[in-house]
S.K.: 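Below you'll find the structure I mean.
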Amino acid sequence: MSEGIQQSITVLKGVGKETADNLQALGIETIEDLLFTFPARHEDVRLKDLAETPHNEKVTVEARVESEPTVFYTGRKNRLQVHILAGRYLVKAVFFNQAYLKNKLHVGDTVTITGKWDKGRQSISASRIEFGPKTQQMDFEPVYALRGKVTKKRFTTFIQTALQTYQEVIPETLPLFLREKYRLLPIVDALYAVHFPKSVQHANQARRRFAYEELLHFQLRIQALRKLRLNEEGGRAISYNLPLVKALITRLPYELTGAQKRVVNEIFRDIKSPYRMNRLLQGDVGSGKTVVAALALYAVVTAGYQGALMAPTEILAEQHSVSLAEWLAPLGVRLAMLSGSTKTKVRREVLAHLASGEIDIVIGTHALIQPDVEFKQLGLVITDEQHRFGVSQRRILRDKGEQPDVLFMTATPIPRTLAITAFGEMDVSAIDEMPAGRKVIETHWLRPEKMSAVFERLTLELQAGRQAYAICPLIEESDKLDVQNAVELYEQLASFYEGKFTVGLMHGRLPTDEKERVMRDFSNGDITVLVSTTVVEVGVNVPNATFMLITDAERFGLAQLHQLRGRVGRGEHQSYCVLLADPKTDEGKERMMAMTATNNGFELAEKDLALRGPGDFFGRKQSGLPEFKMADLVEDYRILDVARQDAVDLLQRDDFWQNPLYTPLQEMLKQSGVLDGERFD
Ligand code: ADP
Ligand code: MG
């Protein structure tokens, strides 16, 4: 393919050494890279009438210059202002830091200006100017994310040259039958349409093709992975002792919900089967995942295997230890805990016992994934609140021991599109039912001025014997300012309730044993009101707590607010959640309203995704979400569904690997490394 698009960008006419370096800085090394650098969006540059343009909207006008430009300087910055006549409108055009335009604009000239229309000021804040009438062939201009020295104009020329020179040799990567099925543009047409669209529809056609292709490729990779796992040799069939597990179930203080029974069955089927479990267990906060985890861990222990449960925080690990010990220690199960603060001597002992098999179940934090932690016979690994862990951390634990079964638990309901993207190669179980008798948490959104009224309501609750959380935002664990917030609220509440109720303080900067003491005191009722940063966010379970006050609630995302709210409503009493917030943005207001409108985690998750986009949903870089060039997980959910189904169908065809019809897809899979067991999660 020496003549192909894999060639270096330098073969292109007009690209010298310096330009090549500049393009390389944008990640463009080959002709192919250049052609597939898609615009971030298309800008509408059709001429518009100002009378019909809403305030703050982008507009393009053809206009006559009516005044000599004036330039204002402030420090290093400058602002150029000129009057123009656009249609019947005499308005101002404003340019920032483009003083050089002063000598280019003369009364009587015709110019074409694009910018943001300020209706009140009757001015256009210009982002683009063309001298003369609108010459543009295109009504929709691609906007590329260009940084540095390459101008838009030259970039466009390069793409045009590349397309014209190489269109004969650009390989078609999407099989014809799929293009026909969905009426998708052939690759060359699609490239023209995305870089030089004739209309919005034209650009959209290109988008549709590339989005489908990207999602299909992605789905093929994860479905191939899943297929491999199910056929994998080396997974183990663990024959647990069913009567023992059943005996434990009857000893529980409650009956399992229908949903819990169902997911226990799904998990147990995986444990028993010879392939390796790789399952995601979703269940809203309070749906009762812990007991499910305990049953699964116990099951492998009855077969002589070890189990590990990893939690994202020490508090949570501690709490799981307590719950599991309560259920399992009487049955002779040997448990241990391992965290960052485990004393060296104890740690050494635990490690020795894990290696010798004298410990059956270990519960812990990140400390579990250190390289020196070895197991005798690890059968099952469970990670709780798994979205909190980085992808690589999840992987390390999974790779410990020989092919242990893996269960990820999450209380963050994940919208379907994200679930099948981030966790597509996993099987999914969902606890979609709450334990009986739970009351709906009443949620209120109040302005911060209402604080004293909130205190009064809180007092009533405390007098009735209940407990409460008061949460302050925390962006970074190390953020001094945020700790300060918590300390202030603590002092305020402590003096307010002095001699009546005990107020405790919890934040990430406390020493570990202090954190544990506070948590224990709150748990057994010695502390009535717990002021805390978000360290209590995940998992903590104190059923007598019925009042959740969240200050500066606008600083939290929906998923986190819902998690926090889930700390109450865990017992038999009516619970309340009060959001004190003064959101400045519409998005902030929408979040508060969404919280008061529903208690349903899945609904909130969909809303969160719509408000914040997929990148922010899981928290940056942690998501395991692939980066798509064109596909958008919010907009393109229908395409995703179709692509997923196609991927499943394709891989099920007996002739998939032989038929030349599928050559480009076979190639893609081979190159992806998936088939060599290289996992990309
Ligand atoms: P999460 O799914 O958020 O981890 P937990 O496992 O902490 O939820 O359970 C929340 C609360 O519900 C706990 O107090 C637990 O004892 C209780 N619980 C769990 N399952 C049931 C059930 N089937 N019936 C009644 N209460 C239950
Ligand atoms: Mg939990």
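Atoms within a ligand are numbered from 1 in the order they appear, just like the ligands themselves. Atoms considered below: every heavy atom in the structure, side chains included; atoms not considered: hydrogens, waters and symmetry mates.
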S.K.: Heavy-atom contacts with Thr257 under 4.0 Å: which atoms of ligand 1 show up? List them by number with element.
M.R.: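 Heavy-atom distances to Thr257 below 4.0 Å select 23 (N).
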S.K.: Do Glu358 and Ser356 have side-chain atoms, one donor and one acceptor, less than 3.5 Å apart?
M.R.: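 The answer is yes; a qualifying pair exists.
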S.K.: Does one side chain, of His562 or Asp284, offer a donor that lies under 3.5 Å from an acceptor on the other?
M.R.: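 Yes, because at least one side-chain N or O of His562 sits under 3.5 Å from a partner of the opposite role on Asp284.
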S.K.: Distance under 4.0 Å to a non-hydrogen atom of Glu255: what atoms of ligand 1 satisfy this?
M.R.: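 Near Glu255, meaning under 4.0 Å from one of its heavy atoms, ligand 1 has 22 (C), 23 (N), 24 (N).
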S.K.: Against heavy atoms of Ser287, which atoms of ligand 1 measure under 4.0 Å?
M.R.: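 Near Ser287, the atoms of ligand 1 are 2 (O), 8 (O).
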S.K.: So if I count the atoms of ligand 1 from 1 in the order they appear, which ones are less than 4.0 Å from some heavy atom of Gly288?
M.R.: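 The atoms of ligand 1 under 4.0 Å from a heavy atom of Gly288 are 1 (P), 2 (O), 5 (P), 6 (O), 8 (O), 9 (O), 19 (C).
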S.K.: Hey, which atoms in ligand 1 end up nearer than 4.0 Å to a heavy atom of Gly286?
M.R.: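 Near Gly286, meaning under 4.0 Å from one of its heavy atoms, ligand 1 has 1 (P), 2 (O), 3 (O), 8 (O), 10 (C).
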S.K.: Compute the shortest N/O to N/O distance between Pro435 and ligand 1 and return yes if it is under 3.5 Å, no if not.
M.R.: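 No, no N or O pair falls under 3.5 Å.
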S.K.: Numbering the atoms of ligand 1 from 1, which are under 4.0 Å from a heavy atom of Asn541?
M.R.: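 Those atoms are 13 (C), 14 (O).
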S.K.: Less than 3.5 Å apart, any donor N or O on the side chain of Thr257 or Gln260 sitting next to an acceptor on the other?
M.R.: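 Present: a donor and an acceptor within the cut-off.
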S.K.: Report the part of Leu256 in contact with ligand 1, treating N, CA, C, O as backbone and CB onward as side chain, heavy atoms under 4.0 Å; options are side chain, backbone, both, neither.
M.R.: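 Just the backbone.
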S.K.: Is a side-chain donor-acceptor pair under 3.5 Å present for Tyr576 with Thr443?
M.R.: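 Short answer, no.
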S.K.: Examine distances only and state if a side-chain atom of Glu433 and a backbone atom of Ala259 form a donor-acceptor pair shorter than 3.5 Å.
M.R.: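 Flag set: sc Glu433 to bb Ala259 pair under 3.5 Å.
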S.K.: Any idea which of Lys261, Lys289, Arg567, Glu572 brings a heavy atom closest to atom 1 (P) of ligand 1?
M.R.: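 It is Lys289 that holds the nearest heavy atom.
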S.K.: Does ligand 1 come near enough to Val291 that some N or O of the ligand is less than 3.5 Å from an N or O of the residue?
M.R.: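 No: no nitrogen or oxygen of Val291 is under 3.5 Å from one in ligand 1.
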S.K.: Out of Ile431, Thr290, Asp284, whose heavy atom is nearest to atom 6 (O) of ligand 1?
M.R.: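 Going through Ile431, Thr290, Asp284 one by one, Thr290 has the nearest heavy atom to atom 6 (O) of ligand 1.
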S.K.: With a 6.0 Å cut-off on ring centres, are Phe268 and Tyr240 close enough?
M.R.: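 Yes; Tyr240 has its ring centre under 6.0 Å from that of Phe268.
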